[in-house]
**Student:** 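For reference, the structure I am asking about is given below.
In this text, all values refer to a predicted model and were calculated from it rather than measured experimentally. By convention in this document, chain letters (A, B, ...) are assigned in the order of the sequence lines, proteins followed by strands, and residues within each chain are numbered from 1.
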Amino acid sequence: MDIDLARTWVQAIAAAVDKHKDHLTQLDSAIGDADHGVNMHRGFSAATTALTDYTPPTVGAVLVKTGTTLISSVGGASGPLYGSAFRAIGKALDTPTADTQQFAAALAAGLASVQQLGAAAPGDKTMIDAYAPALAAFQQQANSGSDFATAARAAADAAEDGMRATIPLQARKGRASYLGARSIGHQDPGATSTALIFRALAETVTAR
Amino acid sequence: MDIDLARTWVQAIAAAVDKHKDHLTQLDSAIGDADHGVNMHRGFSAATTALTDYTPPTVGAVLVKTGTTLISSVGGASGPLYGSAFRAIGKALDTPTADTQQFAAALAAGLASVQQLGAAAPGDKTMIDAYAPALAAFQQQANSGSDFATAARAAADAAEDGMRATIPLQARKGRASYLGARSIGHQDPGATSTALIFRALAETVTAR
Amino acid sequence: MKKLINAPEAVLEDALAGIAAAHPTLRVDAENKVIARADATRPGKVALVSGGGSGHEPLHGGFVGLGMLDAACPGEVFTSPVPGQMLAAAQAVDGGAGVLFIVKNYTGDVLNFQMAAELAAEEGITVATVLIDDDVAVQDSTWTAGRRGTGATVFVEKIAGALAEQGADLAEVAEMGRRVNDNSRSFAVALTACTTPASGKPGFDLPDDEMEIGVGIHGEPGRSREQLRPAKEIVATALDAILADQPLNTGDETIVMVNGLGGTPLLELYVVFNEVAAVLADKDIVIARNLVGSYVTSLDMAGVSLTVCKADADILSLWDAPVNTPALRWGT
Amino acid sequence: MKKLINAPEAVLEDALAGIAAAHPTLRVDAENKVIARADATRPGKVALVSGGGSGHEPLHGGFVGLGMLDAACPGEVFTSPVPGQMLAAAQAVDGGAGVLFIVKNYTGDVLNFQMAAELAAEEGITVATVLIDDDVAVQDSTWTAGRRGTGATVFVEKIAGALAEQGADLAEVAEMGRRVNDNSRSFAVALTACTTPASGKPGFDLPDDEMEIGVGIHGEPGRSREQLRPAKEIVATALDAILADQPLNTGDETIVMVNGLGGTPLLELYVVFNEVAAVLADKDIVIARNLVGSYVTSLDMAGVSLTVCKADADILSLWDAPVNTPALRWGT
Ligand SMILES: Nc1ncnc2c1ncn2[C@@H]1O[C@H](COP(=O)(O)OP(=O)(O)O)[C@@H](O)[C@H]1O
Ligand SMILES: Nc1ncnc2c1ncn2[C@@H]1O[C@H](COP(=O)(O)OP(=O)(O)O)[C@@H](O)[C@H]1O
Ligand SMILES: [Mg+2]
Ligand SMILES: [Mg+2]
Ligand SMILES: [Mg+2]
Ligand SMILES: [Mg+2]
């Protein structure tokens, strides 16, 4: 991972969010308040704009800027959560490039930050349910010496599995928790956007 | 026409209005404010109640009481108009019985009262468009020596023709006038209730 | 039909009981269906009475109180009240200086108030009447029922009410009421039909991309049906109609009401007000005072009415005078 | 979707401009999206700041003014505002005595206000926070996001605002806000779903004879779906839930709000209030003060929420203290 790739990743997330905006909003409509697509779109549009005239010294700087922009533009639950995640990931990557192990550690810092802020555990039907398995898969590939692209693809696959696995869960955090048992049977919007983020990473590094 | 018949007529109107309540309201929904059925129902229910413990000295007293009750219970445009009509008809029948010619004159007084109050002319798409032809038919039968039942049936037929003839008219009075040309193509609710009133008269006197 | 009611026949009675329970400043006569100020009319003060069909809340009951109406007579939903109610109201609030009937121009309201005025006269109560007919969507001619009374009612009730509170006599209060009506024009647009409890069905079917232009407040269709357009264009249509009927000059001061018809969120009313303010600012017409909210409603109809009243210094100072009613309150 | 707007993306900006144009008592910072009192905070007065997603108007902007909020931060529709807005609001209204954040308990609102509090602290502004979580329809446990904040927000803003106006310090004002929240319980029922401008479709489909029980104010479905029932039974369900959670005793005094969710006519709210008054009277619980109207809305949703706040003499006297905001005004 280098500075250029980091920037391309954020742009790829923005493109994916743009494409899936309505889907995210419709998922959020079923068990939330119908704004997740718009929120993510507003945030990642702002992030790509913020990165346009910015010359980042490190990989991490790209992601810290992205996180800061998310916090200042998204609002809602996803703004602070994703914003803190990107900031934590970025802060762990204080170098012009990062290898697979470094990136795995950064992703772990990002997840820790989401959990610290949102206090959600795996199985609560949140973005964590895509993020945690994605991180685990990435870490495992890194440990077994796979290259970055392979690790990222494994993470994306795991995120999508985790995303689908939110369907039968009853929400215990976020707005969907208000529905009690009625949240069962719906896919979590935040887990879905997390899967988009990891898929964008896999595609970005694979394309390189 | 005698006191008993007058009372039976009012009861027959109440029954007809009860049966056609929803139809009257739906007609009023298309070009008015969707209350004509409820208005008529409230009024004639109150009228039959008012007549229950009342021992009228004359035919007219039955109808004056009916008119007064309509005024005090209906509201809307139809309350004062029908109320005045019945009061005027009743005031013209200050006797225990009334023959066909007397009744024709009374109906004329009723129409005059509606016109004086509402200032509508034939063709304005109001109750007048059923009332005026009904009166003319009744008067004509009275003049040619027909019996009361024959005259009343002719009046009912004419009222129904007049009612149907309101469909192509553009309203110039009442709420339907606000619609301008869009009132064309709809049957006037008040003309429809007037036709019910004359049909109830015909059936009441025929049954006797 | 989806309504928070017990039964269609019980709506008025139940709502009146609710009004009585909610507002200690009001005295509700459930039998006669009259909503009056809890305090007696000051002897010598002209009393203001208005009324009309229910379904337009807060009009009229929400405007009963100091500086506005002395009593309101609510009829059944969309049905003019009966003369007996109006008489009872006049008797309840007459302070010896006469009673002003404020009547929206609908055949039913006009006839019933007319009969009530005759009854009141027989009881020795002096009555004057102000007829409200501000809706420019309706063609006006001697051959028709004339223009409907809509939003201007709020302005007339407030301003005439303030003048009465100051001790003006019946002729002066009526004259001011007529002046405010003459100075006011309204126009309304509906995005959805409303459903009366008695009918249970929407008054008309409106496709998802269309609106009714020039509607009244009784669920009747409007003058025409058009494609739904952005707020800016809807406002332009409404203001064009209003200003065509009563041209205003540079520097003229106005009171403007952006009124929700019952089912329209306040958020949207502010969007509309922003457009109104922009158009009038462009013409150098001053919005000296405004109301943005749902004041003259049509049950659950989604839509908006605009009312513009040309206001001189007298009118503005009466507007600013204290008022204490459930729906309008300031200065107390 | 039928809305009086120009474009979904422009709703907040346009509405803010409309609020600015309508209310000279407010100062709207369009750039930072902050609605503040036009007059500066009296030095030494604790400043109250609230905010949340838009679509709940008049909450919160309509409660900015003397005796209530000093500033409000409106987010996008149903989306918590961002920390920068809250910081800008705090900076704009801090009078040196600290700022109270009044936060409805939603993950987004809580996290964003938390970040704002950190930023404000860095700027030397003392911040205290009151969390509103009055909705008994939501199961409360340490494992969940906890109860939603809904109607009690109005009570907290009014009562804490009055105390701040009287010169109490930040701890006292926060303490009072928490007391009012602790004393308040709400429950809501929806007859229709609402439609956000961005999604363009109703949040859920509800058959014509069904209602959602225990909904929030963000268009989410409720705890269960039931047959539509008469107002009396709906009120019984809601009050049962409220009183089960906070039993009240004979003679207890309360402030009760019957709140329309945006698409409900005032006529129906009075019908509902009548039922509430009857149930509480039956239990000898006193409704000392009440609000009947649409104060905390969910766009165009048809439905009602009930809020009951147990009130002692202090709370009642603060409730009665002067307030001058677009949506609540008395004593001035
Ligand atoms: N406490 C939490 N921890 C982690 N993720 C959460 C938490 N609460 C909510 N989320 C995620 O946020 C998503 C909703 O985001 P969004 O719709 O943008 O915000 P909001 O819920 O404020 O409208 C949910 O689908 C869920 O994945
Ligand atoms: N000026 C008038 N003269 C005669 N009949 C009228 C007049 N205005 C209205 N009507 C009649 O009244 C009917 C409507 O009655 P109703 O619906 O009960 O009252 P409202 O129009 O007040 O709701 C119309 O269909 C019409 O026939
Ligand atoms: Mg959401
Ligand atoms: Mg009618
Ligand atoms: Mg009517
Ligand atoms: Mg949201």
**Student:** So for D/Asp300, is it side chain, backbone, both, or neither that comes closer than 4.5 Å to the heavy atoms of chain C?
**Tutor:**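 When you check distances to chain C, atoms from both the backbone and side chain of D/Asp300 fall under 4.5 Å.
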**Student:** Is C/Leu267 close to chain D through its backbone or its side chain, or both, or neither, when contacts mean heavy atoms under 4.5 Å?
**Tutor:**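 For C/Leu267, the contact with chain D is made by backbone and side chain together.
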**Student:** Is the distance between the ring centroids of C/His23 and D/Tyr270 under 6.0 Å?
**Tutor:**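 So the answer is yes for these two rings.
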**Student:** Should D/Thr254 and D/Arg289 be marked as a side chain to side chain donor-acceptor pair (under 3.5 Å) after you check the CA-CA gap, both sets of side-chain angles, and the distance that decides it?
**Tutor:** CA-CA 7 Å; D/Thr254 62; D/Arg289 305 289 185 277; over 6 Å; no
**Student:** Determine yes or no for a side-chain-to-main-chain donor-acceptor pair under 3.5 angstrom, with C/Trp330 supplying the side chain and C/Ala321 the backbone.
**Tutor:**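 Yes; judged by distance alone, with no hydrogens or angles, the pair exists.
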**Student:** Quick check on D/Ile234 against chain C: is it the side chain, the backbone, both or neither that has a heavy atom closer than 4.5 Å?
**Tutor:**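 For D/Ile234, the contact with chain C is made by the side chain alone.
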**Student:** Which bit of C/Leu16 comes within less than 4.5 Å of chain D, counting heavy atoms only: side chain, backbone, both or neither?
**Tutor:**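 Neither; nothing under 4.5 Å.
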**Student:** Any chance you could lay out the side chain to side chain donor-acceptor pair (under 3.5 Å) test for C/Ser54 and C/Glu76, step after step, and finish with the verdict?
**Tutor:** CA-CA 6 Å; C/Ser54 292; C/Glu76 295 293 327; over 6 Å; no
**Student:** Under 4.5 Å heavy-atom distance to chain D, tell me which part of C/Asp208 shows up: side chain, backbone, both or neither.
**Tutor:**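 Both backbone and side chain of C/Asp208 come within 4.5 Å of chain D.
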**Student:** Pull out the residues in residues 190-202 of chain D that come under 4.5 Å of chain C, heavy atom to heavy atom, sorted by number.
**Tutor:**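 Within residues 190-202 of chain D, the residues that come under 4.5 Å of chain C (heavy atoms only) are D/Leu191, D/Thr192.
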**Student:** Tell me if the CD atom of C/Glu226 is crowded by more than 12 foreign heavy atoms within 6.0 Å.
**Tutor:**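 More than 12 heavy atoms, drawn from other residues, nucleotides or ligands, come within 6.0 Å of this atom.
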**Student:** Is the C/Phe78 to C/His56 ring centre distance short of 6.0 Å?
**Tutor:**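 Yes, ring centres under 6.0 Å apart.
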**Student:** Does D/Gln227 CD have over 12 foreign heavy atoms under 6.0 Å away?
**Tutor:**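 Correct, the count exceeds 12.
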**Student:** So which residue, D/Ala281, D/Pro326, D/Gly262, ends up with the most heavy-atom pairs under 4.5 Å with chain C?
**Tutor:**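 Ranked by heavy-atom pairs under 4.5 Å with chain C, first place is D/Gly262.
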**Student:** Kindly say whether D/Thr153 contributes a backbone atom to a donor-acceptor pair with the side chain of D/Lys158 at under 3.5 angstrom?
**Tutor:**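 Pair absent, no side-chain N/O of D/Lys158 close to backbone of D/Thr153.
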**Student:** Do you know which of C/Lys232, C/Met301, C/Lys3 has the most heavy-atom pairs under 4.5 Å to chain D?
**Tutor:**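 Max contact count across the listed options: C/Lys3.
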**Student:** Is D/Thr264 reaching over with its side chain to a backbone N or O of D/Gly303, donor-acceptor style, under 3.5 angstrom?
**Tutor:**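 Looks like yes, one N/O pair under 3.5 Å.
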**Student:** What residue in C/Ala278, C/Pro322, C/Gly263 has the most heavy-atom pairs under 4.5 Å with chain D?
**Tutor:**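 Answer, by heavy-atom pair count under 4.5 Å with chain D: C/Gly263.
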**Student:** Quick one: what part of C/Ala277 sits under 4.5 Å from any heavy atom of chain D, side chain, backbone, both or neither?
**Tutor:**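 When you check distances to chain D, only side chain atoms of C/Ala277 fall under 4.5 Å.
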**Student:** Could you tell me which portion of D/Val77 (side chain, backbone, both or neither) has an atom closer than 4.5 angstrom to a non-hydrogen atom of chain C?
**Tutor:**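 Answer is side chain: those atoms of D/Val77 sit under 4.5 Å from chain C.
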**Student:** For D/Val292, is it the side chain, the backbone, both, or neither that has a heavy atom closer than 4.5 Å to a heavy atom of chain C?
**Tutor:**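 Contact with chain C is through the side chain of D/Val292 alone.
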**Student:** Contact part of C/Thr332 toward chain D, heavy-atom cut-off under 4.5 Å: side chain, backbone, both or neither?
**Tutor:**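 It is the backbone, since no side chain atom gets that close.
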**Student:** For side chain to side chain donor-acceptor pair (under 3.5 Å), just list the numbers for C/Asn6 and D/Glu233, CA-CA rounded to whole Å, side-chain angles, deciding distance to a tenth of an Å, and then say yes or no.
**Tutor:** CA-CA 9 Å; C/Asn6 290 312; D/Glu233 297 177 25; over 6 Å; no
**Student:** Just so I understand: if I count every heavy-atom pair under 4.5 Å between each of D/Ala22, D/Ala17, D/Pro265, D/Ala21 and chain C, which residue has the most?
**Tutor:**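 Among D/Ala22, D/Ala17, D/Pro265, D/Ala21, the one with the most close pairs to chain C is D/Ala22.
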**Student:** For C/Glu210, is it the side chain, the backbone, both or neither that has a heavy atom under 4.5 Å from a heavy atom of chain D?
**Tutor:**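 Contact with chain D: backbone only.
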**Student:** May I ask you to name which of D/Pro230, D/Ala231, D/Ala327, D/Ser294 has the most heavy-atom pairs under 4.5 Å with chain C?
**Tutor:**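 If we count pairs closer than 4.5 Å to chain C, D/Ala231 comes out on top.
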**Student:** For C/Met1, is it the side chain, the backbone, both, or neither that has a heavy atom closer than 4.5 Å to a heavy atom of chain D?
**Tutor:**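 The backbone, not the side chain.
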**Student:** Name the member of D/Ile19, D/Thr297, D/Leu228 that forms the most heavy-atom pairs with chain C at distances under 4.5 Å.
**Tutor:**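 Among the listed options, the one with the most contacts to chain C is D/Ile19.
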**Student:** Who among D/Arg229, D/Met211, D/Glu275, D/Glu13 has the most heavy-atom pairs with chain C under 4.5 Å?
**Tutor:**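 Option with the greatest count: D/Glu275.
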**Student:** Who wins among C/Leu4, C/Val271, C/Asp209, C/Leu266 for the most heavy-atom pairs under 4.5 Å with chain D?
**Tutor:**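 Heavy-atom pairs under 4.5 Å are most numerous for C/Leu4.
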